[in-house]
Protein chains: 2
Amino acid sequence: MEAASFVTKPDDRLPRYQQLRDDLVSRIAAGEWALEEAIATEAELGQFYNVSTGTVRKAIDLLVADGVLTRSQGKGTFIRRPRFDSSLFRFFRFKSRDGEPVRPTARVLKREVVKPGDEIRSTLRMKASEKAIHLSRVRLIEGQAVLSEEIWLPRARFEPLATLPLGDFEDLLYPLYERLCRQIVASATEILKVEQATSDDASLLNVAVGSPVIQVHRVASDFAGTPFEWRSTRGAATTFQYQVEIR
Amino acid sequence: MEAASFVTKPDDRLPRYQQLRDDLVSRIAAGEWALEEAIATEAELGQFYNVSTGTVRKAIDLLVADGVLTRSQGKGTFIRRPRFDSSLFRFFRFKSRDGEPVRPTARVLKREVVKPGDEIRSTLRMKASEKAIHLSRVRLIEGQAVLSEEIWLPRARFEPLATLPLGDFEDLLYPLYERLCRQIVASATEILKVEQATSDDASLLNVAVGSPVIQVHRVASDFAGTPFEWRSTRGAATTFQYQVEIR
DNA sequence: CAGTGGTCTAGACCACTTG
DNA sequence: AAGTGGTCTAGACCACTGG
């Protein structure tokens, strides 16, 4: 029997379904299938890799659990993009005057194209000479600033954003990244900390200097795992809540 | 063919492995197997429920994903207790002077047996006449208080703790619950909030009044899902950090 | 209707643990 | 050596989607 058509050389010590999983990740990262379009069917994959459909299913199960794929009975298996809309809602509870949850709008206050500091440069794996795009935004609910954001992007990947008129930036940046720069966020890591409001925070967010502020620090990466966005979001701690289930 | 020996009446609209999962939960909650001892083998369960081992595996997969069971190749499948040790470490980073992570010790400052307030009474589903045990603890690292805790327990389930000498309370309460009261924590929900230090916080935790404080509010439940512990933990926000992966 | 994923079977053989 | 869970097969049939 033949070892079948792996795109990348598999690790033979691993079970077949793990090898298969890894190979599928490679093919997804390589862009073999369009975002949110169906990948090859289980039967096709079974034939392609010369394994039974049960083994294909197990590999796909892993990727579904990882949030990389979603299945849809009768339709197919699809590449899933992470749902960042809910991300801020995980940490901050924003409500309009009538109590309905709302998504804040956004306004870019400042953009500059400069050499970043060491932390950002190393996080984004940039060369020493490379410049970055730095955005300062506020996010508002009913005209009231509730979050302030600092965003850093490597210029090479995001050139179109260096010249886009500030008024053309939309509330959500990730669709913009996709459309204008063909950069797709596949995953992210967020770290929460509590700080005390600086005078900048105080004037932007309309809170007292020294009052508690939540800082959410996010690093977003592409399907290959390369980080390409550094973001820091600050908001008044009074709007913060977070819930965890332990089992 | 016979419908096989379910302990509780299964919902026929659900797939077999879901029915099986639910039935296994009932049997676990009923105490059919001792904590952290092996449950029936996959082959036995397949015979018992009259399904193939593949279906049994899928049911057990769900419970493993839920954190109710763990498998151990060659040994068996075991009931798992939640790992609460890591819980506080998820939110607070405690280090000793030499940088090693440490578990804080504990000291009970006060115990009273009283009627609880409405929030605690309804959370713990207690009758209006029922009394609760209220503990106030501090947790210390190298003699320094880093967390303060308020704990409420329904008296009926925790009678032995109403009279236990305060010095006999241990750093970890859950082993005590198990040994003295036969109460086993199966799951919990935690909610995080940020508050400003009260004067009580200030004197207990040695922080400034008004400085940010993290409050972790936990409700712990047994295998049947009945909540039986209400706990609130407060610590200086400077020791707080939390990390999330988004996919 | 054809095609997809979802459920389920009845095995086989492997890897690991324990006596 | 006996018993456990771990991997894998080669199917069958069901439930849902879309043309």
Side-chain angles (χ1 to χ4, degrees), chain A residues 1-6 10-24 28 32-34 36-80, chain B residues 1-6 10-24 28 32-34 36-80:
Chain A
M1 199 51 64
E2 187 29 43
S5 19
F6 281 88
D11 184 340
D12 286 330
R13 299 165 302 180
L14 264 39
R16 299 263 261 279
Y17 69 87
Q18 286 282 9
Q19 299 175 26
L20 220 165
R21 186 213 102 104
D22 294 347
D23 206 60
L24 286 173
I28 291 166
E32 180 162 335
W33 297 289
E36 286 177 344
E37 295 310 315
I39 68 170
T41 69
E42 297 180 350
E44 284 166 3
L45 289 171
Q47 238 178 324
F48 184 81
Y49 289 106
N50 196 27
V51 296
S52 82
T53 63
T55 303
V56 173
R57 283 191 71 78
K58 184 137 188 180
I60 293 180
D61 281 345
L62 292 178
L63 291 170
V64 169
D66 280 353
V68 176
L69 298 175
T70 50
R71 301 180 201 264
S72 214
Q73 179 170 156
K75 293 205 281 190
T77 301
F78 299 81
I79 298 178
R80 175 184 173 278
Chain B
M1 198 52 66
E2 187 31 41
S5 20
F6 281 88
D11 184 340
D12 285 332
R13 300 165 302 181
L14 263 39
R16 300 261 262 278
Y17 68 88
Q18 286 281 10
Q19 298 176 25
L20 219 164
R21 185 213 102 104
D22 294 347
D23 205 60
L24 286 174
I28 291 166
E32 179 162 337
W33 297 289
E36 285 175 343
E37 294 310 315
I39 68 170
T41 69
E42 297 179 350
E44 285 165 0
L45 290 171
Q47 239 179 323
F48 184 80
Y49 289 106
N50 196 28
V51 296
S52 81
T53 63
T55 303
V56 173
R57 281 191 71 78
K58 184 138 188 179
I60 293 180
D61 281 345
L62 293 177
L63 292 170
V64 169
D66 281 353
V68 175
L69 298 176
T70 50
R71 301 181 202 264
S72 218
Q73 180 171 151
K75 293 205 281 187
T77 302
F78 300 82
I79 299 179
R80 175 184 173 276

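Predicted model only: the values in this text are computed from it and were never measured. Naming: A, B, ... by sequence-line order, numbering from 1 per chain.
- Listed by chain and residue number, nothing satisfies the side-chain hydrogen bond (donor to acceptor under 3.5 Å, both in side chains) test with A:E44 (two or more places apart in sequence, or in another chain).
- We find that CG of B:L14 is positioned 14 Å from P of D:dA15, with the value rounded to whole Å.
- Listed by chain and number, the residues in a side-chain hydrogen bond (donor to acceptor under 3.5 Å, both in side chains) with B:R71 are B:E42, B:D61 (sequence neighbours excluded).
- With sequence neighbours left out, the side chain to side chain contact (heavy atoms under 4.5 Å, CB included) criterion links B:V51 to B:R16, B:L20, B:Y49, B:T55, B:V56.
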Show the distances under 3.5 angstrom between N or O atoms of the protein and N or O atoms of nucleotides 1-4 of chain D.
unit_1, atom_1, unit_2, atom_2, d
D:dG3, N2, B:G74, O, 3.2
D:dT4, O2, B:G74, N, 3.2

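- Nearest heavy atom pair, residue B:Y17 against residue B:A59, reads O-CB, 3.4 Å.
- Contact annotation for A:R16: backbone-only contact, meaning every heavy-atom pair under 4.0 Å involves sugar-phosphate atoms and none involves a base.
- The only option from B:T77, B:L45, B:L62 that meets the side-chain contact (heavy atoms from CB on, under 4.5 Å) definition with B:L24 turns out to be B:L45.
- A distance of 11.0 Å separates CD1 in A:I60 from OG1 in A:T70, rounded to the nearest 0.5 Å.
- By the salt bridge (charged side-chain N to carboxylate O under 4.0 Å, His left out) test, A:R21 pairs with A:D66, sequence neighbours left out.
- In the 5' to 3' direction, nucleotides of DNA chain C lying under 4.0 Å from heavy atoms of chain B begin and end at C:dT7 to C:dT18.
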